[in-house]
Undergrad: 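Sharing a structure below in structure tokens format, with a few things to ask.
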Amino acid sequence: MASEIIDLTLPAHDPNFPKPRGLLPVPPVVEEDVAREQARLQPHFTDEYANRARDEMTVRYYYEGTEMAYRRTVQGVEVLAVGWEEVSKFLKDTPPEQRQDVRVGPP
């Protein structure tokens with residue numbers, strides 16, 4: 001039986017916490033966690049892996065468990081749609097060639 005740990009203290013689970021759209025700001029706690037782990041796990045925790053970990057943790061910080069469409073960019077994670085209705089509209093209105101790098105689903 002598989003189990004999943006969900007951190008209910010994250011802003012993703014607080015309806016009063018504003019959820020940003022567009023390019024997500026990296027929360028200080030995420031930046032600190034990534035820096036600590038990168039220092040601890042050198043040389044195996046590369047800059048490329050740090051960027052991926054930072055992006056994934058940032059998305060989960062704001063949107064864990066929420067249906068969404070987003071993509072990784074050089075600047076970080078860009079949120080394109082949030083919630084079933086927005087995601088459905090995004091998929092319907094956006095041509096396939098413009099959503100090749102888009103991830104859809106809950107982070």
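All residue numbers refer to positions in the sequence shown, counting from 1.
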Undergrad: Evaluate the side-chain proximity of Pro20 to Tyr63: yes if any heavy-atom separation is below 4.5 Å, no if none is.
TA: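 They are in contact (side-chain heavy atoms under 4.5 Å apart), so the answer is yes.
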
Undergrad: For Met57 versus Asp33, what's the shortest heavy-atom pair and its separation?
TA: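 Where Met57 meets Asp33 most closely, the heavy atoms are CE-CB, 3.7 Å.
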
Undergrad: Spell out, as yes or no, whether a donor-acceptor pair under 3.5 Å connects the side chain of Tyr49 to the backbone of Gln38.
TA: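 Answer holds: no.
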
Undergrad: Calculate, to the nearest 0.5 Å, the distance between atoms CD and NE2 belonging to Glu37 and His44 respectively.
TA: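 So the gap between those two atoms works out to 13.5 Å.
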
Undergrad: Please determine whether residues Val102 and Val79 belong to a single hydrophobic cluster, defined as Ile, Leu, Val, Met, Phe, Trp and Tyr linked transitively by side-chain heavy-atom distances below 4.5 Å.
TA: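 No, Val102 and Val79 fall in different hydrophobic clusters.
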
Undergrad: Ignoring hydrogens and angles, tell me if any N or O in the side chain of Glu48 forms a donor-acceptor pair with the backbone of Asn51 under 3.5 Å.
TA: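 Pair absent, no side-chain N/O of Glu48 close to backbone of Asn51.
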
Undergrad: Could Arg52 and Asp55 be called an ion pair, given the rule that one side-chain N must be under 4.0 Å from one carboxylate O?
TA: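 Looking at Asp55 together with Arg52, the answer is no, because their closest N to O distance does not fall below 4.0 Å.
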
Undergrad: Using modelled atom types only, decide if a donor and an acceptor are shared between the side chain of Arg60 and the backbone of Pro107 within a distance under 3.5 Å.
TA: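 Present.
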
Undergrad: If you take all heavy atoms of Asp14 and Lys19, which pair is closest and at what distance?
TA: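 Looking at all heavy atoms of both residues, the shortest contact is O-NZ, 2.8 Å.
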
Undergrad: Do the charged groups of Lys89 and Glu86 touch, with an N to O distance under 4.0 Å?
TA: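 Here Lys89 does not pair with Glu86 in a salt bridge, since their nearest N and O are not under 4.0 Å apart.
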
Undergrad: Between Arg99 and Thr94, what is the shortest heavy-atom contact and its length?
TA: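 Looks like NE-O, 2.8 Å.
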
Undergrad: Before giving the answer on side-chain contact (heavy atoms from CB on, under 4.5 Å), spell out for Val29 and Tyr61 the whole-Å C-alpha distance, their side-chain angles and the decisive distance to 0.1 Å.
TA: CA-CA 10 Å; Val29 66; Tyr61 181 87; 3.8 Å; yes

Undergrad: Would you compute the distance between atom CG of Leu80 and atom CG of Leu91 and round it to the nearest 0.5 angstrom?
TA: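 Here the rounded value is 10.0 Å.
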
Undergrad: Can you name the residues that form a salt bridge (Lys or Arg N to Asp or Glu O under 4.0 Å) with Asp101, not counting sequence neighbours?
TA: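 With sequence neighbours excluded, Asp101 shows a salt bridge (Lys or Arg N to Asp or Glu O under 4.0 Å) to no residue whatsoever.
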
Undergrad: Between Glu56 and Arg103, is there a side-chain N and carboxylate O pair less than 4.0 Å apart?
TA: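 Salt bridge between Glu56 and Arg103, a charged N being under 4.0 Å from a carboxylate O: yes.
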
Undergrad: Rounded to the nearest 0.5 Å, how far apart are OH of Tyr70 and CG of Leu24?
TA: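 One finds 10.5 Å between OH of Tyr70 and CG of Leu24.
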
Undergrad: Can Leu41 be reached from Val30 by stepping across I, L, V, M, F, W or Y side chains whose heavy atoms are under 4.5 Å apart?
TA: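 Linked within one cluster.
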
Undergrad: Is it the case that Thr73 and Gln75 place a side-chain donor and acceptor less than 3.5 Å from each other?
TA: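 Checked: Thr73/Gln75 side chains pair up, N/O donor to acceptor below 3.5 Å.
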
Undergrad: Could you tell me the separation between the CZ atom of Arg36 and the CZ atom of Phe45, rounded to the nearest 0.5 Å?
TA: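 One gets 10.5 Å once the value is rounded to the nearest 0.5 Å.
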
Undergrad: Between Arg71 and Gln98, what is the shortest heavy-atom contact and its length?
TA: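 Closest approach of Arg71 to Gln98: NH1-O, 3.8 Å.
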
Undergrad: Does a side-chain heavy-atom distance below 4.5 Å link Val87 with Val82?
TA: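 They are not in contact (no side-chain heavy atoms under 4.5 Å apart), so the answer is no.
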
